[in-house]
Amino acid sequence: MINSVNSLNIIPKSASHPKNSKLSIFYVNDMHGNIDNMSGMIAASDKFDKEAENKDTDTLKLSAGDNFSGGDEKKNKLVVNLLSRMGINASAVGNHEFDSTIKTFYGFLNPNKTKFLAANATGQNDEFYKNVQKSTIVEVNGTKYGLIGLLPFDLETTTGKDPKKLQGIESADLEDSINIVNDEVKKLQSQGTDRIILVSHIGNENDREIAPRLHGVDVIVGGHSHTEVKDIKPNENLFKNADNDPVVIVQTGENAKNVGVLNIEFDEKGVLKTAENNLIKTSQEKSPVLNYFKEATLGKSPQIGTIKSSEPLPKNRRIVPCAWTNLIADAMKNETGADIAFINASNTRKVPQAGVLTERDVSESTPLKNTLIVKEMSEKEIVNAISEALKNTFSNESGEPGILHTSGLSYTADINGNLKELYFVDKNGNKTQIDINNPSDKPYHVCYDSFVLKGTEYPAFMPEKHLNKQIEKTYDFDKDKLAIDYIKKLPNKDSIEVVDDKRIQIFDNSNQPLTATRSHNEDIVLNKKEENNSKVNENKVSIQTSPTAINNLSANVPYGLNYNNMYYMPYQNNYATVTTSYYPLMTPVNFQYNQPLQGIQAACAVQNYGYMM
């Protein structure tokens, strides 16, 4: 779909250009070091390069940050090499770039390949700006494009307020960051470019807030909030900037599940004339080639079991129970001898796929390394902790901070954040209901990690809020070690089925539970009126047909994309439903209509991608 944004009565920029300019931007964000998922992203990147060869279009490749997750230095170095392999021109600096400490991060950089950008670093930033740039200019076929980066405003919080990671670096707030970006725009314009792109790791809501207040910025490639921004929609991801010119905001989600391709065209005055935003689902299959390089770099990891089947990581893992996270919680409880274990939903970043399970698979599923503690909490404190997490999570559109996964407990709640029922589950599986309206002071031994302990996102776990403030046990390792030990002892370790046992059930307003499978088939939106976006733009492509009924249509499916979804075929005001299947190569696909379409022309489009057929 190509949306003309000149219809917004936009005032052109004053600078002139010799001719129209087309630009295609390949963009990613929040990959979180998920190397196994990156094979599909690399395939999409290669396809982008091949298609660009025969087009009169400039190209850029950008990341909006959080390329890493966790402090594994070898793995993070491999991720940087993969960014270079894909030809990523520049990346924002996200909070997870600090996971190995920012000083260690400097050693990963290869500025001749991928430049890391962050204009709004404050504090002790002298060393930072010897390694990271505020902005840069990339010249493509004689045209200069200015790129500016932004750190997250909540950098201190999202790095766990860890001084070792931050090394004195702070982030400017929203107001100061707007001024900083506008100053960088002036600097870039003085160097001969007014085609300017912001790579931002501040979250979609903040991107939307700053866009109308920025001068000269044409595109914001965003990250941090893990938002899937589809298509081009006025007042959602298309705004007027401070110059009354259009600015487009894009973001892919997280964990390399999607990549984006933004096709834009500037008029002769350098103002955006058209924009087409395509969000492309990537193949999640493991690549033997990428696995070979992974093992060559990181070493071969010992096998600890075999997964027969595994439910996927929920699309919104913050609000939907995850079977693998529950298994990790079981390991925490059983290996420490605690009565109850808690793990925050966002701690899990991937779920191992069916097949051989290695120690590295387990460690990569929880890459944000912490330490563990066991301490006493009363029944009343436990009810308060779960209730607080639910209320905070379901009152936030993004689902932050996330529900609490647990072992030794079972609970139900609604999508409004109300705890409905809570049971203690003993080591023999016997359930005892806890009165959530009048909980007692009965003590339990509870295991959780040092991130939860800090109370940044879950204040109810801070010891100073408890009747018994003493920490009973501390462990200098994280939950992945316990999970590895636990899995090795499982009697079914060679045929593990990772299935949600419904120990946690969150019910929506129609009294249907949120599940991992359901979250992959529909978008679950919190505190936001859902719009009917099932109709796609009729102007994406027009196919000449005879006046007789159309019963099928062939189209080419790009390599590595999964189209096992529901799409809509628009004709006038009627929409017929079609389904397609997964094809790994450029293969003709037969679209079966659920009703015949009559007419001279039928506009046809595939939602979420926009592949020209």
Side-chain angles (χ1 to χ4, degrees), residues 27-30 32 62-67 90-98 116-123 132 134-135 147-159 166 169-185 196-230 232-243 246-254 260 262 277 316 318 346 392-393 395-402 456-457 525-528:
Y27 62 92
V28 297
N29 60 272
D30 294 273
H32 297 137
L62 303 173
S63 168
D66 270 9
N67 305 287
S91 173
V93 178
N95 47 290
H96 284 301
E97 267 67 69
F98 289 78
F116 279 79
L117 308 176
N120 60 333
T122 61
V132 174
K134 294 185 176 183
S135 62
L147 309 175
I148 305 169
L150 279 182
L151 286 167
F153 303 145
D154 58 352
L155 178 65
E156 184 181 15
T157 301
T158 53
T159 53
L166 292 168
I169 299 299
E170 299 173 5
S171 175
D173 64 15
L174 184 145
E175 293 296 329
D176 287 344
S177 294
I178 290 171
N179 295 329
I180 290 167
V181 171
N182 286 332
D183 287 343
E184 286 300 305
V185 169
I196 294 172
I197 299 158
L198 178 67
V199 284
S200 147
H201 200 80
I202 62 175
N204 187 250
E205 289 302 311
N206 286 325
D207 285 334
R208 287 158 54 98
E209 184 171 349
I210 71 172
R213 300 172 63 187
L214 298 178
H215 291 276
V217 173
D218 302 296
V219 175
I220 299 176
V221 177
H224 196 42
S225 58
H226 310 158
T227 309
E228 293 185 1
V229 179
K230 302 172 183 177
I232 303 288
K233 299 172 186 175
N235 300 317
E236 289 192 24
N237 69 326
L238 174 62
F239 300 89
K240 293 179 183 179
N241 66 17
D243 304 315
V247 55
V248 173
I249 300 171
V250 295
Q251 192 177 156
T252 67
E254 64 169 333
L262 176 66
N277 180 39
N316 189 338
R318 294 189 179 110
S346 293
N392 291 341
T393 295
S395 64
N396 190 335
E397 186 176 314
S398 69
E400 294 178 285
T456 307
E457 296 186 350
V525 181
L526 300 181
N527 296 317
K528 183 179 179 182

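A quick note: this is a predicted structure, and the numbers were derived from the prediction, not measured.
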Examine distances only and state if a side-chain atom of [X] and a backbone atom of [Y] form a donor-acceptor pair shorter than 3.5 Å.
{"X": "N277", "Y": "V229", "value": "yes"}
{"X": "E170", "Y": "G123", "value": "no"}
{"X": "D243", "Y": "G216", "value": "yes"}
{"X": "H201", "Y": "A64", "value": "yes"}
{"X": "S200", "Y": "L150", "value": "no"}
{"X": "N182", "Y": "H215", "value": "yes"}
{"X": "R318", "Y": "P401", "value": "no"}
{"X": "N241", "Y": "V217", "value": "yes"}
{"X": "D176", "Y": "A172", "value": "no"}

Please round to the nearest 0.5 Å and tell me the distance separating atom [atom1] of [X] and atom [atom2] of [Y].
{"X": "N120", "Y": "L117", "atom1": "CG", "atom2": "CG", "answer": "11.5 Å"}
{"X": "S177", "Y": "N206", "atom1": "OG", "atom2": "CG", "answer": "9.0 Å"}
{"X": "E400", "Y": "D154", "atom1": "CD", "atom2": "CG", "answer": "7.5 Å"}

Parallel, tilted or perpendicular: which one describes the rings of H32 and H226, with boundaries at 30° and 60°?
perpendicular

Checking side-chain contact (heavy atoms from CB on, under 4.5 Å) for the pair F116/N67: CA distance, chi angles, key distance, verdict?
CA-CA 11 Å; F116 279 79; N67 305 287; 3.5 Å; yes

Which atom of [X] lies closest to which atom of [Y], heavy atoms considered:
{"X": "G253", "Y": "E228", "value": "CA-CG, 3.9 Å"}
{"X": "E97", "Y": "G94", "value": "OE1-N, 2.7 Å"}
{"X": "G223", "Y": "D207", "value": "N-OD2, 4.4 Å"}
{"X": "I180", "Y": "A119", "value": "CG2-O, 3.3 Å"}
{"X": "V93", "Y": "P152", "value": "O-CD, 3.7 Å"}
{"X": "S171", "Y": "T122", "value": "N-OG1, 3.8 Å"}

Close side-chain approach of [X] and [Y], heavy atoms under 4.5 Å:
{"X": "Y27", "Y": "V219", "value": "no"}
{"X": "I197", "Y": "D218", "value": "no"}
{"X": "L198", "Y": "I210", "value": "yes"}
{"X": "V185", "Y": "L214", "value": "no"}
{"X": "L262", "Y": "I232", "value": "yes"}
{"X": "S91", "Y": "V199", "value": "no"}

Sole candidate of D66, N95, D30, N204 that passes side-chain hydrogen bond (donor to acceptor under 3.5 Å, both in side chains) when paired with H224
N95

With sequence neighbours excluded, residues passing side chain to side chain donor-acceptor pair (under 3.5 Å) with E175
R213

Under the side-chain contact (heavy atoms from CB on, under 4.5 Å) rule, what do F239 and I220 come out as? Steps first, then yes or no, please.
CA-CA 11 Å; F239 300 89; I220 299 176; over 6 Å; no

side-chain contact (heavy atoms from CB on, under 4.5 Å), that's the test. Do N29 and V221 meet it? Break it down for me.
CA-CA 8 Å; N29 60 272; V221 177; 5.9 Å; no

If you apply the rule side-chain contact (heavy atoms from CB on, under 4.5 Å), what do you find for T159 with L155, and how did you get there?
CA-CA 6 Å; T159 53; L155 178 65; 3.9 Å; yes

